[in-house]
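Notes follow the structure.
Every chain is numbered from 1 and lettered A, B, ... according to where its sequence line falls, protein lines coming before strand lines.
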Amino acid sequence: MPLQTRRTRFPRVVIERDTDTEESSSEEEEEEETGVVDEEDVTDNENGGKVEEKSLDALHSKNKGKAPITISLKKVCKVCKKAGHEAGFKGATYIDCPMKPCFLCKMPGHTTITCPHRVAMERGVIPAPRRNTGFPLDYIFERQLRTNVPMIKPPFVIPDQLDCAVIRYHSRRITCLEFHPTNNNILLSGDKKGQLGVWHYSKVYEKTVYGNIHSCILNNIRFNPTNDETVYGASSDGTVSSTDLETGMSFSLMDLNPDGWQGPSSWRMLYGMEINQEKGLVLVADNFGYLYLVDMRSNNKVGETILIHKKGSKVVGLHCNPVQPELLLSCGNDHFARIWDIRRLEAGASLYDLPHGRVVNSAYFSPRSGTKILTTAQDNRLRVWDSIFGEMHSPSREIVHSHDFNRHLTPFRAEWDPKDPSESLAVIGRYISENYNGAALHPIDFIDTSTGRLIAEVMEPNITTISPVNKLHPRDDVMASGSSRSIFIWKNKKSELLEGKDEKKIVHCGKAGKKSNKKFGGESDDDSDADTFSSKGKNSKSKRSESKSSHTCLTKVKR
DNA sequence: AAACGATGCCCCC
DNA sequence: TGGGGGCCCTCGTT
């Protein structure tokens with residue numbers, strides 16, 4: 001039937017409101033003020049509300065438009081598309097779709113709100129039950145293996161106070177962070193575009209971004225152990241770079257795509273990277289499951305490429321054992337973390353294969369003894385192996401924690417606190433938001449991996465974006481976070497008081513968006529670049545979340 | 001100002 | 001094996 005005919009003969013349309021007892025949100029109430037719509041509105045459904053035509057056949061009836069068309073504007077869940085319930089934010093609290101498995105632990109039968117593993121503000125993470133509990137041998141193993149762990153843990157020191165930040169430093173999201181190994185106040189950062197940032201955060205304004213090193217995602221940065229003025233970079237452009245931090249001069253040690261872009265099936269990307277100082281090697285791994293060795297003296301690829309994960313799957317993480325550097329830990333998209341002996345690297349020759357429920361984002365040996373392993377997998381679980389000399393068949397603990405995969409986010413990676421002598425404190429950003437006094441915030445979680453307990457959740461009312469990248473300083477009580485394009489430095493309240501500082505410094509870089517409603521990044525109306533800034537006092541801490549920070553590039557916050 | 005799409009994700013059908 | 005779609009995302013462009 002021609003549209004013209006339909007339009008002229010179209011009958012009056014009545015919208016039948018949903019009679020559910022559910023309270024509707026304010027936005028929907030606005031929408032429902034429309035009682036009568038024309039034809040366009042019938043097919044053009046607004047705000048995700050599904051419109052059902054109940055008497056479509058009236059269109060085809062011979063009674064030209066006499067019967068009114070009744071439309072039912074049912075509230076429909078935007079997740080499962082079914083009526084009768086809704087999912088989404090109610091204020092700052094997200095309501096799960098009850099038809100889906102729990103968003104947190106991925107088990108059916110409940111939602112995040114009622115999940116037994118839920119991270120609540122005042123309670124800790126509840127560790128998943130141990131798979132091997134109940135056997136007497138476990139207890140003996142546990143006793144033997146834990147003898148070198150201090151019986152009384154020293155108190156954890158949490159860098160929980162925002163000290164300074166660079167907003168819109170990078171032009172794309174942050175992908176990796178690395179502290180300088182000897183200079184305590186230098187932080188390196190990589191972004192999705194492949195740019196490398198060097199920030200002297202103690203001076204706040206001394207920062208540089210090198211943009212010509214890589215053409216896409218800079219996945220990992222490692223310092224040259226024999227010259228900490230140069231760093232290696234592994235990128236999705238398929239190259240390993242070596243860059244002088246002072247000059248920004250760089251060269252490529254290896255290029256896996258010498259013929260350029262020939263389509264996604266052949267383009268090689270480098271993700272995992274690690275240095276083995278003893279052997280003088282840079283180890284990198286690609287998105288097809290292969291490991292490459294590059295000699296740091298000759299700057300050339302050496303040896304054969306070795307298939308270390310399932311062919312065609314991405315290898316995202318490499319880590320050499322800090323005590324026994326010939327032990328290599330790898331992880332990737334084949335749902336495994338694997339332990340290798342570097343002296344005997346060949347396909348299938350791994351010492352251990354550690355299975356996971358999903359893709360493994362990261363796997364790290366513990367930083368001091370090297371005997372523990374901590375992994376982050378996309379099944380929303382952190383896994384801990386208490387000793388690589390003990391039972392490796394299954395992890396000692398699984399800790400349910402929200403760090404879901406999302407294609408627009410840098411993958412979450414739980415990392416050990418290198419300063420914790422008990423090797424139990426780890427940090428990881430949280431994906432799922434929590435309602436903190438009306439604001440949906442994504443905290444950075446500090447977890448005691450020996451118990452699964454949530455030690456601290458660090459957040460700031462002004463930081464509304466997720467912080468997937470977090471790095472703890474090797475010596476200071478400092479943490480760096482990458483959240484979207486911004487970088488934040490956190491310090492411990494006590495140590496900061498000792499230094500006598502009483503203000504925060506926020507630097508806005510690049511052009512400020514006029515539209516963004518983010519607390520950080522969008523509030524600046526001027527388009528001045530990072531070199532020009534002014535300072536201005538601000539409100540007290542309790543009011544910070546509601547205060548717009550004006551037209552300044554530098555914002556000082558009195559504590 | 002909303003809508004759209006993004007090499008670079010990953011899972012599942 | 002390939003294509004489509006995805007629950008709390010993001011940012012630049014149109």
> Within 45° of the axis and under 6.0 Å from the centre of the six-membered ring of A/F103, does NZ or CZ of A/K106 qualify?
Replying inline: yes
> Looking at A/N333, does any N or O in its side chain come under 4.0 Å of the phosphate oxygens OP1/OP2 on B/dC10?
Replying inline: yes
>> Counting only side-chain nitrogens and oxygens, does A/K314 get under 4.0 Å of the OP1 or OP2 atom of B/dC10?
In response: yes
> Side-chain donor or acceptor of A/Y431 under 3.5 Å from a matching atom on the base of C/dC9?
Replying inline: no
What's the [atom1]-[atom2] distance between [X] and [N], to the nearest Å?
X      : N      : atom1 : atom2 : answer
A/M269 : B/dC9  : CE    : C1'   : 9 Å
A/L256 : B/dG8  : CG    : P     : 18 Å
A/N257 : B/dG8  : CG    : P     : 15 Å
A/N406 : B/dG5  : CG    : C1'   : 15 Å
A/E434 : C/dC8  : CD    : P     : 17 Å
A/F288 : B/dC9  : CZ    : P     : 11 Å
A/N361 : B/dC10 : CG    : P     : 8 Å
A/K106 : C/dC8  : NZ    : P     : 11 Å

Could you tell me whether [X] contacts a base, only the sugar-phosphate backbone, or nothing, with contacts defined as non-hydrogen atoms closer than 4.0 Å?
X      : value
A/P468 : nothing
A/I432 : base
A/H335 : sugar-phosphate

Where the side chain of [X] is concerned, which of [options] is the nearest nucleotide?
X      : options               : result
A/L409 : C/dG12, C/dC9, B/dC9  : C/dC9
A/Y271 : B/dC11, C/dC7, B/dG8  : B/dG8
A/R358 : B/dC12, B/dC10, C/dC9 : B/dC12

> Can you tell me the Watson-Crick or wobble partner of B/dG8, both distances under 3.5 angstrom?
Replying inline: none
Rounded to whole angstrom, note down the [atom1] distance from [N] over to [M].
N     : M      : atom1 : result
C/dC7 : B/dC13 : P     : 13 Å
C/dC8 : B/dA1  : P     : 25 Å
C/dG4 : B/dG5  : P     : 14 Å

> Which class fits the ring pair A/F412 and A/H403: parallel under 30°, tilted 30 to 60°, perpendicular over 60°?
Replying inline: tilted
>> For A/W199 and A/Y201, take the angle between the two ring planes, folded into 0 to 90°, and tell me which bin it lands in: parallel under 30, tilted 30 to 60, perpendicular over 60.
In response: perpendicular
> Would you call A/F103 stacked on C/dC8, i.e. ring centres under 5.5 Å apart with the planes less than 30° off parallel?
Replying inline: yes
Assess whether a salt bridge exists between [X] and [Y], defined as any Lys/Arg side-chain N lying under 4.0 Å from an Asp/Glu carboxylate O.
X      : Y      : result
A/D445 : A/R430 : yes
A/D191 : A/R172 : no
A/E86  : A/K78  : no

>> If you assign each of A/F405 and A/H408 to its closest nucleotide in DNA chain B, which residue comes earlier from the 5' end?
In response: A/H408
> Quick one: on DNA chain C, does A/S483 or A/Y94 contact a more 5' nucleotide (nearest heavy atom)?
Replying inline: A/Y94
